[in-house]
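To start, the structure under review is shown below, and the notes come after it.
Side chains are part of it too, since the values below use all heavy atoms of this structure and drop only hydrogens, waters and symmetry mates. Just so you know, ligand 1 is whichever comes first in the structure, and atom 1 is the first atom listed for that ligand.
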Amino acid sequence: MSSGIDRLFATPIYTGRIEARELASLNPSLLRECRQLRADDRAGRRWSRANYPGGFTSYQSANKMHRCSPNFARLEQRLAAHVAKFVRALQWDLGRCRLEMTDCWVNIMPRGTSHGLHLHPVSALSGTYYVQTPRGCPGLKLEDPRLDRFMAAPPRRADASRENQPWVVLPAVAGGFVLFESWLRHEVPANPLRSERISISFNYHWISG
Ligand SMILES: [Fe+2]
């Protein structure tokens, strides 16, 4: 008698890195702009004081950065081929619609700032590009989307393979990025370092046209 195990209902995560030649000119410009935005964006600083303690995010203020900054637009262009590749891997049928980057914002996490567990409602695909990642800064912690259905299941062994862990942390590396389906819950633990962890997050919507 033969037996086997099928591993169904996968949660693909796409990670990549901007090409080195491109990175050398793009990343310093993005870093400057992220810091400049914090200095200029009063509404963002106000919102962050209440919702992102200690840090700065332009999530509720300057959240179309790819449409107002050539450097952010360049980042969007560089990501486009990767998004297309991920869509092929997910085997999505986009029909007559397409994926479009609708939101793109800056996150600056000084020491002590964390980013609580959340997902990105309404969007199809989301992701983060890393601008500045001091050594030892927190990665992106992803949650098994079935966690709330485990009920009486025994816990996984501490040495369980990555695909069986209820939480997986992807390291944050400047110049790198991660793409995931927007329903996947994730968080960033508190930054323990003196240096700031700076990232750019974005959403893609599935829209007609
Ligand atoms: Fe997020």
Remaining members of the apolar cluster that contains Leu117, side-chain heavy atoms under 4.5 Å
Leu147, Phe150, Trp167
Looking only at side chains, do Asp41 and Ser58 share a donor and an acceptor under 3.5 Å apart?
no
Among protein atoms, how many N/O/S atoms lie less than 2.8 Å from the Fe ion (ligand 1)?
3
Residue set satisfying ring-ring contact (aromatic ring centres under 6.0 Å, His included) with His82, at least two apart, ordered chain then number -> Tyr14, Phe177
Parallel, tilted or perpendicular: which fits the ring planes of Phe202 and Tyr204, with parallel below 30° and perpendicular above 60°?
perpendicular
With distance as the sole criterion, is a donor-acceptor pair present between the side chains of Arg35 and Gln132 under 3.5 Å?
yes
Tell me who clusters with Leu184, hydrophobic residues only, linked when side chains sit under 4.5 Å apart either directly or through other members.
Ile13, Tyr52, Met109, Tyr130, Leu140, Leu142, Val168, Leu170, Val178, Phe180, Trp183, Val188
